[in-house]
Amino acid sequence: MDTLKKLFPNAFKATEVNNFIVALIIYAVIDVVCGVIIGLLAKLPIIGILFSLLGSVIGLYATGGIVLSILVFVKVIKQ
């Protein structure tokens with residue numbers, strides 16, 4: 001659990017409504033902004049594959065952060 005708290009610090013602060021909404025917005029913005037930037041860089045011929053993989057990892061990170069935020073907010077995961 002300590003490793004998850006280090007990887008997703010905003011998700012474990014989502015115990016109140018305000019913190020929950022802020023965590024969701026942060027993870028959504030990370031996903032959208034990085035998706036747009038990596039989408040533009042993925043069109044480059046050789047390094048496009050690396051940027052595509054990086055985009056997938058960032059998308060998984062944002063999805064994991066959103067899921068953990070929801071689980072902490074509904075008190076499925078105890079701190």
Side-chain angles (χ1 to χ4, degrees):
M1 191 61 74
D2 290 333
T3 305
L4 283 177
K5 286 183 181 181
K6 289 178 185 176
L7 288 175
F8 300 99
N10 289 328
F12 286 94
K13 296 177 186 174
T15 55
E16 298 176 2
V17 176
N18 293 337
N19 295 338
F20 175 63
I21 293 172
V22 168
L24 290 181
I25 290 172
I26 287 172
Y27 287 119
V29 168
I30 287 172
D31 194 24
V32 169
V33 170
C34 290
V36 169
I37 292 171
I38 291 176
L40 294 173
L41 293 174
K43 294 180 182 177
L44 297 173
I46 295 175
I47 58 174
I49 295 170
L50 295 175
F51 283 119
S52 298
L53 291 173
L54 182 64
S56 298
V57 170
I58 291 173
L60 287 173
Y61 174 79
T63 304
I66 290 171
V67 168
L68 281 174
S69 297
I70 293 169
L71 292 175
V72 167
F73 182 70
V74 297
K75 295 178 178 54
V76 172
I77 295 178
K78 306 285 189 231
Q79 293 188 8

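These numbers come from the heavy atoms of this one structure, side chains and all, not from hydrogens, waters or symmetry mates. Numbers here simply count residues along the sequence, with the first being 1.
For Val33, the side chain to side chain contact (heavy atoms under 4.5 Å, CB included) test picks out Val29, Ile37, with sequence neighbours left out. Under the rule for a side chain to side chain contact (heavy atoms under 4.5 Å, CB included), the partners of Val74 that lie at least two apart in sequence or sit in another chain are Val76. A search for side chain to side chain contact (heavy atoms under 4.5 Å, CB included) contacts involving Val22 returns Ile26, not counting sequence neighbours. Under the side chain to side chain contact (heavy atoms under 4.5 Å, CB included) criterion, Ile58 pairs with Ile30, Cys34, Ile38, Leu54, not counting sequence neighbours.
A single hydrophobic cluster is seen to contain both Ile66 and Ile25, as judged by linkage of ILVMFWY side chains at heavy-atom distances under 4.5 Å, directly or through other members. No continuous path of ILVMFWY side-chain contacts below 4.5 Å connects Tyr61 to Val36, so the two sit in separate hydrophobic clusters. Under the 4.5 Å side-chain heavy-atom criterion for ILVMFWY residues, a single connected hydrophobic cluster contains both Leu24 and Val67. Cluster membership for Leu4 and Ile77, using ILVMFWY side-chain heavy atoms within less than 4.5 angstrom, is shared.
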Pairs of donor and acceptor atoms involving the side chains of residues 5-21, under 3.5 Å and at least two apart or interchain, shall be tabulated with distances.
{"residue": "Asn19", "atom": "ND2", "partner": "Lys13", "partner atom": "O", "Å": "3.3"}

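Summarising the local packing, CD1 of Ile49 is surrounded by 12 or fewer heavy atoms from other residues, nucleotides or ligands at distances under 6.0 Å.
The shortest heavy-atom contact between Gly59 and Asp31 is CA-OD1, 3.6 Å.
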